[in-house]
Amino acid sequence: MLSGTETDILNSVVRLRQASRNQIRREIGFSLEYIGFVCRYLTRKGYLVFSDGYYSLAKEGIKTLLQDEDPKIDKKLIKQIADEVAKEISGELKKTVKGLKIPVREIRAPQGKKDEETREAVKIKTDFEFPIEDETSVLKSNIGKVGINTEKEKSDIESKVKLFRNIQNKGMKR
Amino acid sequence: MKKKKVPEIEGLKGEIQKGKGVDIGTMFVKCAVKEGDEIVFRSQRDAFFEVEHTDFTRKILDNSKVKYIIKDDKLYVVGDEALQFANMFNKETRRPLSKGVISPTEKEALPMIELLVKNVVGEPTYKGEVVYFSVPGEPLDAEFNIVYHIKMLEGFLKTLGYAPKAIHEGHAVVLSELAEEDFTGIGLSFGGGMVNACLSFMSVPIFKFSVAKAGDWIDQQVAMAVDETASRISSIKESSLDLSKEGALSKVESALSIYYNHLIEYTIENVKQEFTKAKRMPRMDKPISIILSGGTSLPKGFAHRFKHILDQLKLPVPVGSVRMATQPLRSVAKGALIAASADEGKK
């Protein structure tokens with residue numbers, strides 16, 4: 001059983017045909033890390049496939065979205081697909097029944113939204129690494145002699161580290 | 001697998017465990033290290049003040065154990081004493097960090113912050129030891145980004161022999177304080193230069209950001225309102241401010257109280273806006289907890305004031321407990337240490 005967010009991601013991928021993490025994030029909201037986290041899970045479970053930086057729908061995803069008893073595909077999307085099919089059929093009909101006009105609703109995204117969809121956020125992939133000079137070598141100081149302020153407390157982090165590691169591992173395996 | 005013993009390092013006794021967490025804030029640099037069954041915090045206030053450089057002054061400072069740094073022919077008092085000197089001369093301290101990042105206007109910023117970090121963090125216990133260092137989130141209300149700050153600190157920690165990784169301040173607060181809630185909730189760090197906020201779900205940040213109004217902003221506004229120096233206001237704020245006090249407030253206390261209200265409301269409104277921008281939230285079964293931390297959250301009555309304002313403004317999600325971090329000045333370094341220890345454990 002998929003959660004609301006997971007279903008939303010599947011619907012978003014269907015709408016976009018192929019979608020990058022960034023595109024899904026723009027449609028659904030949330031942080032990139034969280035979208036990545038859920039997408040990795042959906043890929044592992046066979047709902048999505050990932051290739052060249054893009055997610056697309058896989059077998060399990062299609063099955064889930066079209067389940068008869070509880071269709072998860074959203075109404076807007078059904079309408080959009082129906083419109084596309086209608087357009088295709090009308091094209092075929094036009095060829096066979098010349099002169100007969102069949103009204104078809106144009107699928108046009110609002111201008112702003114269209115721009116937004118095509119404008120993919122630029123992700124910086126390169127890294128500029130350079131040796132940072134230790135500028136402290138020219139400084140004289142008595143900090144070492146006087147000493148740094150030190151405080152201590154009983155450690156309570158062991159269980160937190162363990163839990164954090166477990167949650168992270170689960171995330172990777174999900 | 002048998003654990004390898006790590007040698008002792010200067011100033012620390014017992015077995016030092018691998019991984020360090022560093023909070024590099026506008027007010028303090030603080031490093032957390034696990035030593036046996038204790039966590040050791042080494043800290044230094046990152047403020048300095050120039051005094052006349054003579055052999056005599058240097059001797060006096062040495063005898064009184066006042067920390068100083070000499071660069072070229074300049075003598076700078078460093079740390080808490082810098083604040084005292086500034087108050088004595090009715091001037092402002094100089095700071096290597098401003099609004100959470102390396103100060104663009106302070107020409108000594110880089111060597112100063114490097115020296116403070118080096119002293120607080122020390123040598124790595126082995127080459128490539130993981131150190132998580134805190135960074136602010138992208139500011140929502142300021143025209144600067146944090147890339148330069150992160151890259152410079154990362155590069156310097158690498159020069160010291162560490163494998164550095166950045167962690168958002170608010171996220172570190174969540175790791176430190178919200179284990180019982182599976183690291184789900186909001187971590188707020190009210191620092192000197194910025195307020196950092198992070199909503200985390202199962203340890204994954206959903207949103208994180210910073211705003212450039214924080215403790216320094218309060219000091220400057222109050223200083224302008226009552227014609228005092230910001231350093232003096234900062235001293236009063238840190239030593240005696242009580243936000244639960246209802247009557248007989250002095251002029252400075254009234255101004256501080258007004259600007260604290262403003263800062264809290266500003267922070268909550270920005271958190272609300274981030275919820276709206278995120279459109280939908282992961283399904284959270286329980287009301288979320290909010291953790292308050294950082295030096296600016298220290299005055300008595302801060303949590304009560306925060307809860308009161310939150311009740312009026314309301315977040316779009318149910319809120320459970322709103323509480324102070326167990327040690328508000330240590331939670332960022334401790335959260336960073338948790339992340340570092342988890343990474344070291346994977347090796």
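Letters go in sequence order (proteins before strands), and every chain restarts at 1. If you're wondering where the values come from, they're calculated on a predicted model, not measured in any experiment.
Using a 4.0 Å cut-off between charged side-chain N and carboxylate O, B:Asp72 and A:Lys140 make no salt bridge. Salt bridge status for B:Glu344 with A:Arg165: absent, with no side-chain N to carboxylate O gap under 4.0 Å. A salt bridge links A:Glu153 and B:Arg330; the closest N-O separation between the charged side-chain nitrogens and carboxylate oxygens is under 4.0 Å. Classification of A:Glu158 and B:Lys34 as a salt-bridged pair holds, one side-chain N sitting under 4.0 Å from a carboxylate O. A salt bridge is absent between B:Glu180 and A:Lys160; no separation between the charged side-chain nitrogens and carboxylate oxygens falls under 4.0 Å.
Applying the side-chain hydrogen bond (donor to acceptor under 3.5 Å, both in side chains) criterion to A:Thr43, with sequence neighbours excluded, gives no partner residue.
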Next on the checklist: Please evaluate residues B:Tyr68 and A:Val146 with respect to the criterion side-chain contact (heavy atoms from CB on, under 4.5 Å), reporting the C-alpha separation (whole Å), side-chain torsions for both, the decisive distance (0.1 Å), and the verdict.
Outcome noted: CA-CA 10 Å; B:Tyr68 63 78; A:Val146 176; over 6 Å; no
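Between B:Arg42 atom CZ and A:Thr150 atom OG1 the span is 5.5 Å, to the nearest 0.5 Å.
With a 4.5 angstrom heavy-atom cutoff, B:Lys118 touches chain A only via side-chain atoms. With a threshold of 4.5 angstrom between heavy atoms, B:Ser341 approaches chain A through its backbone and through its side chain.
Sorted by first and then second residue, the pairs that involve residues 57-66 of chain A and meet salt bridge (charged side-chain N to carboxylate O under 4.0 Å, His left out), not counting sequence neighbours, are A:Glu60-A:Lys63.
A distance-only check finds a donor-acceptor pair linking the side chain of A:Ser31 to the backbone of B:Pro205 [under 3.5 Å].
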